[in-house]
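Shown next, in structure tokens, is the structure this report addresses.
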Protein chains: 2
Amino acid sequence: MPSPDRISQTLTSHELRQTPVRRAVLQVLLDSSYALSGHEIEERIGADTDRITLYRTLKTFEDSGLIHRVVDTSDIVRYASCSIECSAHEHFDNHVHFKCTNCHHIYCLNQVAIPAVTLPAKFEAKTRDYLLAGVCRECTP
Amino acid sequence: MPSPDRISQTLTSHELRQTPVRRAVLQVLLDSSYALSGHEIEERIGADTDRITLYRTLKTFEDSGLIHRVVDTSDIVRYASCSIECSAHEHFDNHVHFKCTNCHHIYCLNQVAIPAVTLPAKFEAKTRDYLLAGVCRECTP
DNA sequence: TTATTTATGCAACAATATTGCATAATCAAG
DNA sequence: CTTGATTATGCAATATTGTTGCATAAATAA
């Protein structure tokens, strides 16, 4: 569990103001071992926070490089905290994501790098996302 | 452009009834070089078809292996037609997808296979999705 | 041509996400 | 520590995407 200091430091280093909502959202995402939807974050930070503020906070965090969206084939956006080195200008989250078909959690496999592919002519890639689906560690008998 | 025969044959071979909506939806998806959202399909097949019927048709097609969802980080589900060999039981669409940051189209790069990765212990993958983002062929100067 | 099965369309609804605006909170300067 | 400028918050209202139940219409098989 990250200390309150890390939360504050992360906000400061990304030039964001300290507010209770931001600290709570960041804490929740850092505490989770899998990506969370807006609704799931809402549940964890308590009902006294407005949903609109939450969505705006998520957008701010995403724009500043604190969190990233996780790829999926569903219609629900899920977020996970970025590695410490990410910024508004550059993301370093080139890790594979794993979606469990049993518990439906999406994990960041930080230790598994995304392998490169060779693209056809005139296609130029800047970011890459890799999503695996199957049964996760917790759900394997 | 696929002939009407191919549409009918595809429906028959997947044990689906021939209806105007199904033929129209399948035609639209086969004609498109990039993945389409429900709304985009709706626009292309004309306003006289109910949105609910469209969504049910898409679900039916997906379950039968005629079309597949395309991975993305957005909250909008996009569909593309599957290769001919796909069925309800097994998908053979292990190709890379490419999302253009300029025109926002998502292309199926059928000729680019998804490279394998080595997973941590007790993670078992069944399906894989790979999404690249950058500038596509049409938008490159 | 008829009977059975299944797709369609309507109405109503649920969930996710966004915009404008007034108020409240944060932070920096004195 | 207080003040002032800036920015985040919360409310109201709304947009978009997707779903469920049910009666009717259409498609296939006999």
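A note on names: the letters A, B, ... follow the listed sequences, proteins ahead of strands, and every chain is numbered from 1.
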Between [N] ([atom2]) and [X] ([atom1]): distance, integer Å:
{"X": "B/E15", "N": "C/dA7", "atom1": "CD", "atom2": "P", "result": "12 Å"}
{"X": "B/F61", "N": "C/dA7", "atom1": "CZ", "atom2": "P", "result": "11 Å"}
{"X": "B/L11", "N": "C/dA7", "atom1": "CG", "atom2": "P", "result": "11 Å"}
{"X": "B/R78", "N": "D/dT16", "atom1": "CZ", "atom2": "C1'", "result": "13 Å"}
{"X": "B/I76", "N": "D/dT16", "atom1": "CD1", "atom2": "P", "result": "11 Å"}
{"X": "B/L54", "N": "D/dT16", "atom1": "CG", "atom2": "C1'", "result": "14 Å"}

> Once you round to the nearest 0.5 Å, how far does NZ of B/K59 lie from CD1 of B/I67?
Replying inline: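 Answer for the NZ-CD1 pair, B/K59 versus B/I67, is 11.0 Å.
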
>> If you apply the rule side chain to side chain contact (heavy atoms under 4.5 Å, CB included), what do you find for B/R22 with B/T60, and how did you get there?
In response: CA-CA 10 Å; B/R22 288 180 175 178; B/T60 302; 4.0 Å; yes

> Is any side-chain N of the basic residue among B/K122 and A/E138 closer than 4.0 Å to the acidic one's carboxylate O?
Replying inline: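 So B/K122 does not pair with A/E138 through a salt bridge.
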
>> Would you say CD of A/E15 has more than 12 non-hydrogen atoms from neighbouring residues, nucleotides or ligands within 6.0 angstrom?
In response: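 Incorrect, the count does not exceed 12.
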
>> I'd like to know whether CD of B/E124 has more than 12 heavy-atom contacts from other residues, nucleotides or ligands below 6.0 angstrom.
In response: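 No, not enclosed.
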
>> List the residues meeting side-chain contact (heavy atoms from CB on, under 4.5 Å) with A/T12, not counting sequence neighbours, and say none if there are none.
In response: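 If we apply the side-chain contact (heavy atoms from CB on, under 4.5 Å) test to A/T12, skipping adjacent residues, the hits are A/Q18.
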
>> Between B/Y130 and A/Y130 (judged by ring centroids, cut-off 6.0 Å), do the two rings come close enough to count as a pair?
In response: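 Ring centres of A/Y130 and B/Y130 closer than 6.0 Å.
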
> Does the separation of the ring centres of B/H97 and B/H105 fall below 6.0 angstrom?
Replying inline: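 Between B/H105 and B/H97, which both carry aromatic rings, the centre distance is not below 6.0 Å.
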
> Reckon B/Y55 has a side-chain N or O less than 4.0 Å from the OP1 or OP2 of D/dG18?
Replying inline: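 Checking B/Y55 against D/dG18: at least one side-chain N or O falls below 4.0 Å of OP1 or OP2.
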
> Nucleotide by nucleotide, 5' to 3', does protein get under 4.0 Å of the base (B), only the sugar-phosphate (S), or neither (-) in nucleotides 23-30 of chain D, counting heavy atoms?
Replying inline: ---BBS--

> In the 5'-to-3' direction, what one-character label does each nucleotide of nucleotides 10-15 of chain D receive under the scheme B = base within less than 4.0 Å of a protein heavy atom, S = sugar-phosphate only, - = no such atom?
Replying inline: BBB---

> Do the side chains of A/I114 and B/L109 join up, straight or via other hydrophobic residues, at under 4.5 Å, putting them in one cluster?
Replying inline: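 Cluster IDs for A/I114 and B/L109 match.
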
> When the nearest nucleotide of DNA chain D is assigned to A/R22 and to B/R69 on a heavy-atom basis, which residue is associated with the more 5' position?
Replying inline: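 First, find each residue's nearest nucleotide; the 5'-ward one identifies A/R22.
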
> Just checking B/T57: base, sugar-phosphate only, or nothing, at a heavy-atom cut-off of under 4.0 Å?
Replying inline: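 Sugar-phosphate contact only - B/T57 comes under 4.0 Å of backbone atoms but never of a base.
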
